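Since the structure comes first, as structure tokens, the remarks are kept for the end.
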Amino acid sequence: MPTFRIAVIAGDGIGKEVIPAGVAALEAATRGTDTSLAFTELPWGCEFYSKHGRMMDEDGFERLAKFDAIYLGALGFPGVSDVVSAGLILAIRQKFDQYVNLRPMRLLPGLTSPLGNRTAAEIDMICVRENSEGEYSGVGGRVHRGTPHEVAQQVGVFTRHGIERIVRYGFEVASKRPRKMLASATKSNALTHSMVLWDEVAEGVRTNYPSIDFRKYHVDALAARMVTHPQTLDVMVTSNLFGDILTDIGSAISGSLGIAPGANINPERTHPSMFEPIHGSAPDIAGKGIANPIGATWAGALMLEHLGRKDLHDKVLGAIERVVAGGKVRTPDLGGTSTTQDVAKAITSEI
Ligand code: NAD
Ligand code: IPM
Ligand code: MN
């Protein structure tokens, strides 16, 4: 019986509320199957930082490297600099070469999009976000601090290798979906070095996928299109920052930021991949027990799929879909009055 070792970093704020919901769903989904998950909870995050002056233990990366996957809630809380807290997420993504950030954005049947009059079939996209370089390379610095001549430089690093592998992954995802469409987010009219290279590399990769309907959009126009014509979009491939912004739009038009999942994938499987909702720690609602656990639970489903159990992924997602379609058990972000635990219980009992 395969047992997968899962590192759980619930983290901060609502991360601590939504991750137990996700774990309960994963336990329910695997119960009675020949796959089991062994969860190890790691108390890392901003509280850990306030006690120890670091976001994780000194040997954190070596320990994480031994797991089959990482299940993350959210990191970040007022009182600790976002540079420090988000720094851990970015470090995990880079160190474990999780260069694909896969983010489905779907209007689940039964939910109302803030766009109005949209059906589930019209909002069904997936973002393949570059997750290791680009605007998030971390290269740069500040000099002449505190003086009128202070300078900050944040260098975007775009490599042919990095662009090539993410665009190829985008084409692969598109070729497995019925609509066979790939939209590339560019900005080569203004970012005349990095995004021109992006476009050139994409044109090259494209020749290997003649059956995919490939189009490039400037990212500003693509953002507008997600709102005005979401039905014309299927798979999109983006740089790191563009994907970050577009996926918050995508989840918002799908009903709530609390719904969308993310998978930080190391396709070569030389390092563990990491699964998390795309939202943050939501300090404004933390501790109230009303966070939507669907994004975290769906992220857990993506983890099952990555571990080779697409059937169990479908089981969890199916349960989420039935709870949402039932319309009775919903957290306030979806217009309901249910708690995180109510939704968690409804999902596990559906499973
Ligand atoms: P956020 O995603 O935490 O919150 C944005 C808004 O969405 C808030 O009004 C919040 O209440 C709402 N929201 C988010 N998730 C929800 C859920 N599951 N259910 C109901 N409502 C939900 O973004 P922010 O406010 O920009 O960031 C807060 C902190 O989280 C910052 O420290 C930031 O750096 C961090 N952050 C972490 C991650 C991560 O760990 N992956 C992601 C984004 C932001
Ligand atoms: C996300 C988050 C992170 C990002 C932050 C916390 C660095 O917003 O996962 O979308 O920008 O990638
Ligand atoms: Mn984000």
Side-chain angles (χ1 to χ4, degrees), residues 8-22 44-47 49 55-56 70-94 98-103 105 111 114 127 129-138 154 238-252 254-265 274-300 320 324 330-344 347:
V8 180
I9 309 172
D12 304 312
I14 64 166
K16 288 193 171 77
E17 302 167 38
V18 297
I19 286 298
W44 298 339
C46 290
E47 245 173 69
Y49 182 85
M55 286 294 287
M56 60 146 107
I70 304 164
Y71 191 35
L72 174 76
L75 293 170
F77 216 69
V80 175
S81 157
D82 282 344
V83 176
V84 169
S85 55
L88 178 54
I89 302 176
L90 300 179
I92 294 173
R93 291 174 181 168
Q94 279 192 353
Q98 297 164 347
Y99 62 85
V100 177
N101 193 329
L102 204 60
R103 298 185 155 187
M105 299 163 283
L111 288 187
C127 181
R129 169 186 174 187
E130 206 294 320
N131 211 31
S132 66
E133 55 170 42
E135 307 88 341
Y136 282 40
S137 70
Q154 192 82 42
T238 74
S239 68
N240 213 329
L241 178 63
F242 292 176
D244 177 48
I245 298 167
L246 294 178
T247 53
D248 265 30
I249 298 177
S251 74
S254 306
S256 168
L257 204 47
I259 284 183
N264 303 271
I265 300 173
M274 177 166 72
F275 301 82
E276 53 171 341
I278 79 162
H279 63 72
S281 57
D284 55 339
I285 59 163
K288 297 187 177 157
I290 53 165
N292 193 332
I294 290 180
T297 308
W298 191 346
I320 292 173
V324 165
R330 286 184 184 171
T331 43
D333 56 308
L334 295 177
T337 55
S338 305
T339 64
T340 307
Q341 285 198 2
D342 294 334
V343 177
I347 294 171

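Predicted, not measured: the structure shown is a model, and the values here were computed from it. Note that ligands are numbered from 1 as they come in the structure, with each ligand's atoms numbered from 1 the same way.
- Comparing heavy-atom distances from atom 21 (N) of ligand 1 across Ile285, Ile290, Ile259 singles out Ile285 as nearest.
- Although no hydrogens or angles enter the test, the distance criterion places a donor-acceptor pair under 3.5 Å between the side chain of Gln94 and the main chain of Ser132.
- Within the structure, the closest approach of Ala291 to ligand 1 falls below 4.0 Å when heavy atoms are considered.
- Among all protein heavy atoms, the one lying closest to atom 25 (O) of ligand 1 is Pro283 CD, 4.6 Å.
- Residue-ligand proximity: Asp82 is placed with a non-hydrogen atom under 4.0 Å from ligand 1.
- For atom 1 (P) of ligand 1, the nearest non-hydrogen atom from the set Ala260, Ser85, Gly280, Ser256 comes from Gly280.
- Residue contacts with ligand 1 include Ser281, since one or more of its heavy atoms lies under 4.0 Å from the ligand.
- Using a 4.0 angstrom heavy-atom cutoff, Thr331 does not count as in contact with ligand 1.
- Panel note: side chain Asp12, backbone Cys46; a donor-acceptor pair is recorded below 3.5 Å.
- Using a non-hydrogen distance threshold of 4.0 Å, Glu135 does not register as a contact of ligand 2.
- Counting only distance, with no hydrogens or angles, the side chain of Tyr71 and the backbone of Ala299 share no donor-acceptor pair below 3.5 Å.
- When non-hydrogen atoms are compared, ligand 2 lies under 4.0 Å from neither the backbone nor the side chain of His279.
- Side-chain atoms of Thr339 come within 3.5 Å of backbone atoms of Asp342 as a donor-acceptor pair (strictly under, hydrogens ignored).
- The contact set between ligand 1 and Ile89, taken as ligand atoms under 4.0 Å from a residue heavy atom, comprises 39 (C), 40 (O), 41 (N).
- At under 3.5 Å, a nitrogen or oxygen of Glu276, whether backbone or side chain, sits near a nitrogen or oxygen of ligand 1.
- Residue contact annotation: Asp248 places no N/O/S atom under 2.8 Å from the Mn ion (ligand 3).
- Applying side-chain contact (heavy atoms from CB on, under 4.5 Å) to Asn101 and the options Thr238, Asn264, Ile278 leaves one that passes, Asn264.
- The structure places CG of Asp244 at 9.5 Å from OG of Ser239, a figure rounded to the nearest 0.5 Å.
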